[in-house]
Amino acid sequence: MGKITPRSEDYSQWYLDVLREADMFDYGPVGGTIIAKPYGWTLYENMKDALDKRFKDTGHVNAQFPLFIPEHFLRKEQSHVEGFSPELAVVTIGGGKELDEPIVVRPTSETIIGDAYSRWIKSYRDLPVLINLWNSVVRWEKRTKPFLRTMEFYWQEGHTAHATHEESWEEVMRMLNVYHAHGIEDCAMPTVRGRKSKNERFAGAISTTSLEAMMGDKKALQAATSHDLGQNFAKAFGIKYLDRDNTEKHCWTTSWGLSWRFLGGLVMMHGDDQGLRLPPKVAPIQAVIVPIFKTDVEKSVVMAVAERVFAQLKAADIKVKLDDREETPGFKFNDWEMRGVPVRVEIGPKDVEKNSVALARRDVPGKVGKIFVPQEGLAERVKTLMDEIHASLLGQADAFLKSNIHEVDSYAALKDAVQDGWALVPLTDDPAVDAKIKEDMQATNRNYPYDQTPGEWTCVVTGQKVTERALVSKAY
RNA sequence: CGGGGAAUGGCGCAGUUUGGUAGCGCGCACGGUUUGGGACCGUGAGGUCCCGGGUUCAAGUCCCGGUUCCCCGACCA
């Protein structure tokens with residue numbers, strides 16, 4: 001029988017148990033790779049579809065670029081190649097022959113995009129270029145964990161080019177906000193938007209912004225990033241346009257990405273000891289119908305009602321499943337709870353008699369919270385309930401996040417705070433400062449949150465005056 | 001790449017100390033009884049004991065080498 005290790009006992013094991021019991025993944029034959037099984041992939045697809053709609057709504061279009069990149073492309077931007085070299089997969093043999101120039105499997109597509117944009121963009125009339133890619137990339141990671149860090153991972157990467165820095169920066173923030181809204185409105189996941197420290201900046205960016213999410217063990221997860229690439233890649237690849245004034249200028253570019261790590265984050269933010277808890281908007285199955293009967297006679301009347309209810313919910317565009325497996329109701333209740341289905345509809349002989357059903361919601365612990373409602377108008381009732389569940393999951397996650405951020409103003413208090421939550425602390429933006437903290441307390445500078453009250457503080461490491469505070473915590 | 005665990009049927013494990021016909025629970029198939037919170041009985045299928053070499057009459061078990069996975073650290077979406 002499937003067993004899920006309690007979170008308090010071993011959080012990592014709990015995470016793996018939940019993924020396994022929910023049938024979301026399997027390990028791939030090559031170390032560090034995973035197979036996303038249908039339930040996991042459908043969840044990812046739903047998240048992807050919701051995000052893709054947001055991209056389209058903000059004027060972006062999708063395209064697809066090659067998996068293979070000539071090695072010399074990577075070398076064109078100095079800090080980019082330095083950042084990615086250690087984790088590249090490189091093809092040296094093709095068709096049985098040693099290649100003249102090795103081919104790199106993309107770790108990200110800034111370079112091949114830069115090359116294409118340099119040919120596509122000629123005039124200010126061509127700008128902005130707003131393209132997004134849904135693909136997978138490969139980074140040779142030493143230590144992997146399903147969805148959170150895999151050698152090959154699925155994601156989207158947006159790449160845009162603009163005429164001015166003002167415009168490109170606006171794009172960086174727009175997309176950071178799109179990710180933030182996706183988290184809250186689609187996934188019930190609150191996150192903290194902020195600016196990454198110099199030390200944590202993307203290889204080749206002049207500024208990196210991120211979304212940081214708090215997991216159930218209070219560790220941080222970088223849930224998405226949006227980069228201001230300045231003119232670094234434009235200069236490296238010659239992305240230039242002729243402006244109104246007939247002078248040639250370099251473009252300002254951005255890139256932004258969100259991977260299936262976000263799915264792992266969703267599991268760790270909402271899951272409980274019973275298993276997954278899925279936000280209704282992205283759940284592969286939003287409502288499951290469990291029929292209950294003893295005799296064949298009961299079975300036929302119960303199934304007739306169950307099928308009618310199924311049709312009613314389906315007609316209302318609810319992702320509904322009728323569980324007609326030959327298992328006991330108790331087994332099914334537990335099974336669907338592990339899989340995080342938000343709403344369960346139970347129909348038995350008593351319900352048939354009273355034209356009712358029993359409704360159970362996943363956002364509250366298992367055996368409580370069942371209510372009996374009429375079959376008539378059930379679809380509307382379920383929709384309302386799904387909205388409530390979304391709000392409830394968001395509320396729980398938000399309360400957890402807020403109650404575990406500790407404002408501190410001394411080094412000793414910082415050390416204390418990161419043992420059990422996040423610290424909001426005055427910190428000079430200096431790689432040496434980040435390094436010292438990491439060394440001393442195995443915690444990292446997550447970001448400088450944008451939503452913080454302005455003020456003036458004293459850095460707890462350097463003693464310098466600073467005008468913003470950093471989030472520091474242990475992280476995945 | 002460092003430190004620590006582990007690898008035996010789909011999953012979880014025992015067996016290794018002391019070498020001697022490969023076992024248990026769950027799951028799976030079939031039959032029957034069951035079904036409002038993880039049902040029960042019976043029958044049955046399913047195994048290169050991680051891989052390679054060695055010792056031995058005989059290796060899951062002992063020796064040597066390797067691989068993979070998990071956990072904890074350094075690097076990262």
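In what follows, every chain begins at residue 1, and chains take the letters A, B, ... in the order their sequences are listed.
- When heavy atoms are screened at a 4.0 angstrom cut-off, A:T208 is found touching no nucleic acid atom at all.
- For A:D351 and B:G36, a side-chain-to-base donor-acceptor distance below 3.5 Å is present, hydrogens and geometry of angles not being considered.
- For the P atom pair drawn from B:U68 and B:G31, the interatomic distance equals 45 Å after rounding to whole Å.
- A gap of 10 Å separates the C1' atoms of B:A45 and B:C30, to the nearest Å.
- Between A:R149 and B:C75 there is no side-chain N or O to OP1 or OP2 distance below 4.0 Å.
- Tested against A:D429, the residues A:K198, A:R195, A:K196 include a single side-chain hydrogen bond (donor to acceptor under 3.5 Å, both in side chains) partner, A:R195.
- Taking the P atoms as reference points, B:G10 lies 33 Å from B:G3, given to the whole Å.
- For A:F331 and A:W336, the gap between ring centers reaches or exceeds 6.0 Å.
- Nucleic acid contact class of A:Q222 (heavy atoms, under 4.0 Å, all strands): sugar-phosphate only.
- Heavy atoms of A:K474 sit nowhere under 4.0 angstrom from any nucleic acid atom.
- Below 30°, between 30° and 60°, or above 60°: for A:F202 and A:H227 the angle between ring planes is below 30°, a parallel geometry.
- For B:C75, one of the phosphate oxygens OP1 or OP2 lies less than 4.0 angstrom from a side-chain nitrogen or oxygen of A:K438.
- The aromatic rings of A:Y11 and A:W14 sit tilted, their planes meeting at an angle between 30° and 60°.
- Residue A:E326 places its side chain closer to B:U34 than to any other of B:U34, B:G36, B:C70.
- A:A224 comes within 4.0 angstrom of nothing in the nucleic acid, heavy atoms only.
- Of the side-chain N and O atoms in A:T328, none sit less than 4.0 angstrom from OP1 or OP2 of B:U35.
- Within 4.0 Å of A:P86, counting heavy atoms only, lies no atom of the nucleic acid at all.
- In this structure, A:D335 pairs ionically with A:R325, as a charged nitrogen and a carboxylate oxygen lie closer than 4.0 Å.
- Distance from the side chain of A:R143 is smallest for B:G73 among the nucleotides B:G38, B:G73, B:A77.
- Separation of the P atoms belonging to B:C64 and B:U55 is 15 Å when rounded to the nearest angstrom.
- Minimum atom distance to the side chain of A:F331 is reached by B:G38, of the listed B:G38, B:C72, B:A77.
- Counting non-hydrogen atoms under 4.0 angstrom, A:G32 reaches the backbone sugars and phosphates but no base.
- In this structure, the aromatic ring of A:W155 is not positioned over the six-membered ring of the base of B:A77 within 5.5 Å between centres and 30° between planes.
- Between the side chain of A:R344 and the base of B:G37 there is at least one donor-acceptor pair of N/O atoms closer than 3.5 Å.
- B:A77 and B:U61 have their C1' atoms separated by 45 Å, given to the nearest Å.
- Across the C1' atoms, B:G19 and B:A6 are found 23 Å apart, a figure rounded to whole Å.
- A:H159 and A:F65 have their aromatic ring centers separated by at least 6.0 angstrom.
- Note: CE (A:M303) to C1' (B:U35) measures 14 Å, nearest angstrom.
- Taking atom C1' in both B:C24 and B:C49, one finds a spacing of 15 Å when rounded to whole Å.
- Using a 4.0 Å heavy-atom distance criterion, A:L16 is classed as a sugar-phosphate-only contact.
- In this structure, of B:G37, B:A77, B:A39, it is B:G37 that holds the atom nearest to the side chain of A:F333.
- The shortest distance between the side-chain N/O atoms of A:S12 and the OP1/OP2 oxygens of B:C72 is below 4.0 Å.
- Residue A:G348 is in base contact, counting any heavy-atom pair closer than 4.0 Å across all strands shown.
- Between the CZ atom of A:F153 and the P atom of B:A77 there is a distance of 8 Å, rounded to whole Å.
- The listed nucleotides are B:G38, B:C72, B:C76; the one nearest the side chain of A:M338 is B:G38.
- Applying the 3.5 Å distance criterion, the base of B:G37 shares a donor-acceptor pair with the side chain of A:E337.
- A donor atom on one side chain and an acceptor atom on the other are not found under 3.5 Å apart for A:W169 and A:S207.
- Rounded to whole Å, the distance from CH2 on A:W260 to P on B:C76 is 21 Å.
- Annotation: cation-pi geometry not satisfied between A:R139 and A:F153 (NZ/CZ under 6.0 angstrom from ring centroid, within 45° of ring axis).
- Of the candidates B:U35, B:G38, B:A77, B:A77 carries the atom nearest the A:S259 side chain, counting heavy atoms from C-beta on.
- At the phosphate of B:G36, neither OP1 nor OP2 sits under 4.0 Å from any side-chain N or O atom of A:K370.
- B:U16 and B:G73 are spaced 34 Å apart, taking the P atom of each and rounding to whole Å.
- Nearest nucleotide to the side chain of A:E327, out of B:C71, B:C28, B:U35: B:C28.
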